[in-house]
Amino acid sequence: MFCYQCQETAFGTGCVVRGVCGKQPATAHLMDLLLFSLKGVGVVATLLNEHHIDVPAKTDKVIVDGLFSTITNANFDNESISAKITNALDCKRSLVELAKDNGLEVSSLDAVALEVAPEDYEARGREVGVLKEEDENLRSLKELTMYGLKGMAAYYEHADRLGHTNREIIRFMERALATVASPSATEEQLLQLVLETGKYGVDVMALLDKANTDSFGQPEATHVNIGVGNKPGILISGHDLADIEQLLEQTQGTGVDVYTHGEMLPAHYYPRLKKYSNLVGNYGNAWWKQKEEFSHFNGPIIFTTNCIVPPLPNANYKDRVFTANSTGYPGWKHIPTDARGRKDFSEVIEMARHCQAPDALEQGEIVGGFAHNQVVALADQVVEAVKSGAIRKFVVMSGCDGRMKSRNYYTDFAKALPKDVVILTSGCAKYKYNKLNLGDINGIPRVLDAGQCNDSYTWVVVALKLKEIFGVESVNQLPIVFNIAWYEQKAVIVLLALLSLGIKNIHIGPTLPAFVSPAVLKVLQSNFGLGTITTVDEDVKTMIS
């Protein structure tokens, strides 16, 4: 196997024995074949689009679900991945027949011609992985696009489940897959594709923002309980807000409480979800601590999206975990979605009723809910604080958390920031500092949490609003700096989105991506000033002075 899509990739070069995430070689080979199959779907779908022939709607789901399933920590179940390969191959065959029926000549590319029996999926997957592209720079640009597409697919799936779609985004994903599959694509074409991926990244985050706010209302500044009650509970993790609403509906009156975990914390910020009295708090911290924290929860756990850490063989919670949507894990029951987009959580609820209440990990509250609507409502207060000098600078510290000790940098960086600097955050990176007592500036909290990783869109909206208010020509002229932590592919699409908007001098860490070749890195540094982190003292001096 060879995989280098996440920040923890072995030795900073690539996982070749097994994934640091826990992914086994067989799973990696199946995922490689799934992605190769999707490239074939993209090639034929793009041909149909170019000739204005309608691509069947089911193609959208095949592409989005297939890409999302291969995100780090999303799906470890070989049976599930194999089924998605079969769906992709069936989809491609249907598109080929549609093209031929319309008199079109179909490409003979390997990804289109691919035919393989299920028993040979793993063996074929060994031949079509990342290293199939031998040119280092072409490979780097192609993988940068692919990882951006995976993040885009994750956000698109959440929006789609709330009834919000955008055919132009899907057409771009099909075209991007086709371009990556092309052996004739040049470095210049692929670099432009990377930036275009970022542009559609902005579009998909805007789509999801609208889906969330139309469905659940505008997020509000909210104090969230981090303690526990005395009733049995269900812990829901991941990112899917449609799922938590259905779970809250179905647990009403059952005597079972619902707790959020990790990136599901922002559910507490939405008015429509806050109305449920059985939504009692947030349990634990970021995804990587789940092995120790889940053992104390006592009740069932639901993964709605990625962020699964394979449990130890003797883990006391491994028999009470459920998966949903694009996620999967061997031995864990998968909760299906019916034709109406609904899930039946009755089995989970019944299990919870016979469990003890969660053990307390901590007590108190944390504050969040500062999405763009809430921050813009504070615009006059913020502008006055900037003009008076009470606020010197804003630091965007969005992105991912992770288990590497080097990530303690972000906690230390937050502590070391001068007291006239405000942190703008979203994603699970916030768990490195959202429980610190950093105070406020004239009533404005020094840590403003917008929500999930996709809510990094908030800081785009806020930056553009401040650009308008202060009358500057570029966001880069504002007192805003970007110090982004990354782990997996949703952070990649956020980074590409920022680059597509022309935002420069972004720092990312704790390390640069292994999939960015030296030549590609040089281009990103030259055009955008992209850099990494150094030491806390040096970076505070560089970014804030």
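Nothing here was measured: the structure is a model prediction, and the numbers come from that model.
- Side-chain contact check for T222 and H268: no donor-acceptor pair (N or O, by modelled atom type) lies under 3.5 Å.
- More than 12 heavy atoms of other shown residues, nucleotides or ligands fall within 6.0 angstrom of atom NZ in K435.
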Before you tell me yes or no, could you show the steps for S398 and T425 under side-chain hydrogen bond (donor to acceptor under 3.5 Å, both in side chains), namely the whole-Å CA-CA distance, both residues' side-chain angles and the distance that decides it to 0.1 Å?
CA-CA 5 Å; S398 294; T425 192; 5.0 Å; no

Evaluate E8 against C21 for side-chain contact (heavy atoms from CB on, under 4.5 Å), listing each step before the verdict.
CA-CA 8 Å; E8 286 187 331; C21 65; over 6 Å; no

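- Using modelled atom types, no side-chain atom of W459 and backbone atom of A450 make a donor-acceptor pair closer than 3.5 Å.
- P358 is not listed as a side-chain neighbour of H296, based on a closest heavy-atom distance of 4.5 Å or more.
- Between V492 and F515, the closest side-chain pair of non-hydrogen atoms falls below 4.5 Å.
- Between the side chains of S517 and N137, at least one donor N or O lies within less than 3.5 Å of an accepting N or O.
- Checked by atom type and distance alone, the side chain of S526 never pairs as donor or acceptor with a backbone atom of K522 at under 3.5 Å.
- Comment: K199 engages D203 in a salt bridge, judged by a side-chain N to carboxylate O separation of less than 4.0 angstrom.
- In plain terms, the two heavy atoms of F370 and P445 that are nearest each other are CZ-CG, 3.8 Å.
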Is there a salt bridge (charged side-chain N to carboxylate O under 4.0 Å, His left out) between K430 and D449? Walk through the geometry before answering.
CA-CA 7 Å; K430 61 175 159 276; D449 172 25; 3.4 Å; yes

Start with the C-alpha distance between E488 and K150, add both sets of side-chain angles, then the distance that settles salt bridge (charged side-chain N to carboxylate O under 4.0 Å, His left out), and finish with yes or no.
CA-CA 10 Å; E488 44 87 12; K150 291 184 182 191; over 6 Å; no

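- Residues L235 and T260 come closest through the heavy atom pair CD1-O, 3.6 Å.
- Shortest non-hydrogen contact noted between G502 and N476 is O-ND2, 3.0 Å.
- A distance-only check finds no donor-acceptor pair linking the side chain of N306 to the backbone of N73 [under 3.5 Å].
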Set out, in order, the CA-CA distance, both residues' side-chain angles and the distance that settles side-chain hydrogen bond (donor to acceptor under 3.5 Å, both in side chains) for N282 and N225, then state yes or no.
CA-CA 6 Å; N282 188 71; N225 171 43; over 6 Å; no

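- The environment of K274 atom NZ is dense: over 12 non-hydrogen atoms of other residues, nucleotides or ligands sit within 6.0 angstrom.
- Using a 4.5 Å heavy-atom cutoff, the side chains of Q7 and P513 are not in contact.
- Under the 6.0 Å cut-off for aromatic ring centres, W287 and Y487 qualify, their centroids lying closer than that.
- Centroid-to-centroid, the aromatic rings of Y433 and Y410 stay 6.0 Å apart or farther.
- Not a single donor-acceptor pair under 3.5 Å links the side chain of D412 to the backbone N or O of R407.
- No side-chain heavy atom of V180 sits under 4.5 Å from any side-chain heavy atom of E143.
- For CD of Q525, the number of neighbouring non-hydrogen atoms (other residues, nucleotides, ligands) closer than 6.0 Å is greater than 12.
- Summarising the geometry, atom OG belonging to S500 is positioned 10.5 Å from atom CD belonging to E196; distances are rounded to the nearest 0.5 Å.
- A donor-acceptor pair is defined here as one N or O able to donate and one able to accept, closer than 3.5 Å; no such pair exists between the side chain of R446 and the backbone of V422.
- With rounding to the nearest 0.5 angstrom, the CD1 atom of I236 is 12.0 Å from the CD1 atom of I301.
- The minimum heavy-atom distance between G233 and F297, with the atom names listed, is O-CE2, 3.3 Å.
- Using cut-offs of 30° and 60° on the angle between ring planes, the pair F303 and F294 is tilted.
- Nearest heavy atom pair, residue C428 against residue D401, reads SG-N, 3.1 Å.
- The backbone N or O of V280 sits nowhere less than 3.5 Å from a side-chain atom of D257 that would complete a donor-acceptor pair.
- Side-chain contact, Q489 with T72: a donor N or O sits under 3.5 Å from an acceptor N or O.
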After noting the C-alpha distance and the side-chain angles of T458 and H372, does the key distance pass the side-chain hydrogen bond (donor to acceptor under 3.5 Å, both in side chains) rule?
CA-CA 5 Å; T458 271; H372 55 85; 4.6 Å; no

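- Side-chain atoms of T9 never come within 3.5 Å of backbone atoms of Q5 as a donor-acceptor pair (strictly under, hydrogens ignored).
- Between the side chains of T305 and D240, no donor N or O sits under 3.5 Å from an acceptor N or O.
- Side-chain contact check for D209 and N454: no donor-acceptor pair (N or O, by modelled atom type) lies under 3.5 Å.
- Between K467 and Q477, the side chains place no donor N or O within less than 3.5 Å of an acceptor N or O (distance only, hydrogens not considered).
- The main-chain N or O of Q452 is found under 3.5 Å from a side-chain atom of D455 such that the two form a donor-acceptor pair.
- Separating the OG1 atom in T532 from the CG atom in D539 is a distance of 8.5 Å, to the nearest 0.5 Å.
- Residue S426 holds its OG atom at 11.0 Å from CG of L448, rounded to the nearest 0.5 Å.
- Panel note: side chain Q24, backbone R18; no donor-acceptor pair is recorded below 3.5 Å.
- Rounded to the nearest 0.5 Å, atoms NE2 (H239) and CD1 (I244) are 12.5 Å apart.
- A donor-acceptor pair shorter than 3.5 Å cannot be found between the side chains of T304 and N325.
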Decide yes or no on side-chain contact (heavy atoms from CB on, under 4.5 Å) for Q218 and Y270, but give the supporting numbers first.
CA-CA 6 Å; Q218 293 287 347; Y270 290 91; over 6 Å; no

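- Residues I81 and S69 are in side-chain contact: their nearest non-hydrogen atoms beyond the backbone lie under 4.5 Å apart.
- Atom CG of N437 has 12 or fewer heavy atoms from other residues, nucleotides or ligands within 6.0 Å.
- The closest side-chain donor-acceptor pair between N75 and S80 falls under 3.5 angstrom.
- Taking each heavy atom of G14 and F2 in turn, the nearest pair found is CA-CE1, 3.9 Å.
- Taking CZ from F68 and OH from Y155, the interatomic distance works out to 9.5 Å, rounded to the nearest 0.5 Å.
- Within the 4.5 Å cutoff, the side chain of V224 has heavy atoms near those of the L265 side chain.
- Side-chain N or O atoms of Q363 include none that pairs as donor or acceptor with a backbone N or O of I226 at under 3.5 Å.
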Any chance you could lay out the side-chain hydrogen bond (donor to acceptor under 3.5 Å, both in side chains) test for E293 and Y283, step after step, and finish with the verdict?
CA-CA 8 Å; E293 293 181 343; Y283 193 84; over 6 Å; no

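- Residues K490 and M152 fail the side-chain proximity criterion, which asks for heavy atoms closer than 4.5 Å.
- In this structure, the side chains of V256 and N278 stay at 4.5 Å or more apart for every pair of heavy atoms.
- Between the side chains of N483 and Y409, at least one donor N or O sits under 3.5 Å from an acceptor N or O.
- A 6.0 Å sphere centred on NZ of K393 holds more than 12 heavy atoms belonging to other residues, nucleotides or ligands.
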